[in-house]
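Both counts, for ligands and for their atoms, begin at 1 and track the order of listing.
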Amino acid sequence: MNIILLGAPGAGKGTQAEGLAKRRGLVQLSTGEMLRAAVKAGTEIGKKAEAIMKSGGLVSDDLVISIISDRIDEPDCAKGFILDGFPRTLKQAAALRKMLAEKGKSLDAVIELRVDDAVLIGRIEKRAADAMAAGLPVRADDNAETLKLRLLAYYRETAPLVGYYFAHDQLRTVDGMAPIEDVARQIDDILDGKA
Ligand code: AMP
């Protein structure tokens, strides 16, 4: 089963992707996590991405498309994967469609987690506060100022994907403001054909 989770920063994509991966034995593919690992490791990709990520912008389409294409080819993805944070632009969505067709794969569901903007901002601030309280590193882009820019990038570049997948009859939407377990149940019902 191959799934896309769509949603703004703070919508809960990472949390839901993690739970879903465990429940269904799928691989979670988070481009944000992959890029953060590249930045930490100081690779060429990391050097290209670091400043852009810190500023709340999007790294180049070609870069993330090639990262995802290579990752999907790895054997563990044969059991199915959840895309978390990709695609984020119409160009990425078109490239994904083409690459999946070339690899003989397809999408089983595109699920949008819908959350109000005011709630998103509160969640990101809480994520940063929780990490700090636990003595964990706070994401360089989890602060109020950068969040506004990330939201702008979302509305400019990523929100059109909701229309794109709706037009392809692939979009399903869940209430991302419900408690975590309820959101998980809504997603499971969609995947099990019960909703
Ligand atoms: P995330 O962890 O999904 O919030 O991503 C963190 C940051 O990584 C984003 O703000 C972007 O700078 C970058 N990023 C992650 N995924 C993508 C993508 N698909 N396209 C472009 N930039 C991305």
Side-chain angles (χ1 to χ4, degrees), residues 2-21 27-73 77 81-100 107 110-115 117 119-131 136-162 164-165 176 183:
N2 304 321
I3 301 159
I4 295 177
L5 291 186
L6 269 184
K13 300 184 296 296
T15 303
Q16 291 299 333
E18 201 184 325
L20 191 54
V27 181
Q28 177 183 1
L29 303 183
S30 158
T31 39
E33 285 298 333
M34 292 175 201
L35 291 167
R36 278 188 287 281
V39 169
K40 203 168 166 204
T43 64
E44 281 308 310
I45 289 177
K47 282 180 199 150
K48 280 188 198 152
E50 186 169 17
I52 301 169
M53 290 172 76
K54 227 178 225 166
S55 73
L58 295 183
V59 308
S60 89
D61 286 326
D62 292 343
L63 190 74
V64 284
I65 289 166
S66 98
I67 292 178
I68 281 291
S69 178
D70 289 348
R71 185 65 186 86
I72 287 176
D73 287 339
C77 286
F81 51 82
I82 305 160
L83 293 170
D84 154 17
F86 180 94
R88 246 179 164 99
T89 65
L90 287 169
K91 186 173 169 193
Q92 292 176 22
L96 176 67
R97 187 166 292 273
K98 186 161 169 270
M99 90 173 66
L100 290 179
L107 285 176
V110 179
I111 301 177
E112 179 203 5
L113 307 180
R114 196 172 286 170
V115 174
D117 292 338
V119 175
L120 294 173
I121 294 177
R123 282 189 183 178
I124 299 268
E125 285 171 350
K126 185 172 180 305
R127 179 160 77 191
D130 286 351
L136 297 169
V138 177
R139 276 176 54 167
D141 58 355
D142 268 355
N143 57 72
E145 198 183 324
T146 309
L147 177 61
K148 297 254 163 66
L149 297 170
R150 287 165 65 200
L151 273 180
L152 274 178
Y154 175 77
Y155 283 113
R156 201 169 38 222
E157 305 282 357
T158 311
L161 296 185
V162 171
Y164 175 89
Y165 285 112
V183 178

Participant: Atoms of ligand 1 less than 4.0 Å from Arg36 heavy atoms?
Facilitator: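 Per the distance check, 2 (O), 6 (C).
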Participant: Among protein heavy atoms, which lies nearest atom 8 (O) of ligand 1, and at what distance?
Facilitator: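 Protein heavy atom with the smallest distance to atom 8 (O) of ligand 1: Met53 CE, 3.4 Å.
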Participant: Can you list the ligand 1 atoms lying under 4.0 Å from a non-hydrogen atom of Thr31?
Facilitator: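 Matching atoms, with element in brackets: 15 (C), 16 (N), 17 (C), 19 (N).
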Participant: Any side-chain heavy atom of Lys40 within less than 4.5 Å of one from Arg36?
Facilitator: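 SC-SC contact between Lys40 and Arg36 ruled out.
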Participant: Should one rank Gln92, Lys13, Glu50, Met34 by closest heavy-atom distance to atom 20 (N) of ligand 1, which comes out on top?
Facilitator: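 The option holding the nearest heavy atom is Gln92.
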Participant: Give the residue, atom name and distance (to 0.1 Å) of the protein heavy atom nearest atom 12 (O) of ligand 1.
Facilitator: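 Residue, atom and distance for the closest contact: Gly57 O, 2.6 Å.
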Participant: Heavy-atom distance under 4.5 Å between the side chains of Gln28 and Glu33, does that happen here?
Facilitator: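 No, their side chains stay 4.5 Å or more apart.
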Participant: Examine the proximity of ligand 1 to Asp84 and report which part, side chain or backbone, both or neither, has a heavy atom under 4.0 Å away.
Facilitator: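 None of Asp84 does.
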Participant: Closest heavy-atom contact between Ile72 and Met99?
Facilitator: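 Ile72 and Met99 have their closest heavy atoms at CD1-SD, 4.2 Å.
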Participant: Below the 3.5 angstrom mark, is there an N/O of Leu35, backbone or side chain, next to an N/O of ligand 1?
Facilitator: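 Leu35 vs ligand 1: no N/O contact under 3.5 Å.
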Participant: For Asp141, counting its heavy atoms only, list the atoms of ligand 1 lying under 4.0 Å from any of them.
Facilitator: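 Those qualifying, in numeric order: 6 (C).
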Participant: Just by modelled atom types, is the Gly85 backbone N or O under 3.5 Å from a matching donor or acceptor in the Thr31 side chain?
Facilitator: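 Pair found, side chain donor or acceptor close to backbone of Gly85.
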Participant: Would you mind running through ligand 1 and noting each atom that sits below 4.0 Å from a heavy atom of Arg150?
Facilitator: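 Numbered from 1, ligand 1 contributes 4 (O).
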Participant: Return the residue, atom name and 0.1 Å-rounded distance of the protein heavy atom closest to atom 22 (N) of ligand 1.
Facilitator: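 Closest protein heavy atom to atom 22 (N) of ligand 1: Val59 N, 3.2 Å.
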Participant: Just wondering, do Leu120 and Leu147 contact through their side chains at under 4.5 Å, heavy atoms?
Facilitator: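 They are not in contact (no side-chain heavy atoms under 4.5 Å apart), so the answer is no.
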Participant: Considering only heavy atoms of Arg139, which atoms of ligand 1 have at least one such atom less than 4.0 Å away?
Facilitator: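 The list of qualifying atoms is 1 (P), 2 (O), 4 (O), 6 (C).
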Participant: Does this structure show an ion pair linking Asp142 with Arg150, if we count only N-O contacts that are shorter than 4.0 Å?
Facilitator: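 Yes, charged N to carboxylate O under 4.0 Å.
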Participant: Determine whether a donor-acceptor pair (N or O, by modelled atom type, separation under 3.5 Å) exists between the side chain of Lys13 and the backbone of Ala8.
Facilitator: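 Yes.
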Participant: Checking a contact table here: which protein heavy atom is nearest atom 18 (C) of ligand 1, and how many Å away?
Facilitator: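 Answer, as residue, atom name and distance: Arg88 CD, 3.4 Å.
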Participant: Does any part of the side chain of Glu18, heavy atoms only, come nearer than 4.5 Å to the side chain of Ile82, both counted from C-beta?
Facilitator: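 In short, these two side chains do not touch, never coming nearer than 4.5 Å.
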Participant: So is there a nitrogen or oxygen of Ser30 less than 3.5 Å from a nitrogen or oxygen in ligand 1?
Facilitator: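 No.
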Participant: For the pair Arg123 and Asp130, evaluate salt bridge (Lys or Arg N to Asp or Glu O under 4.0 Å) and give the outcome as yes or no after the intermediate values.
Facilitator: CA-CA 10 Å; Arg123 282 189 183 178; Asp130 286 351; over 6 Å; no
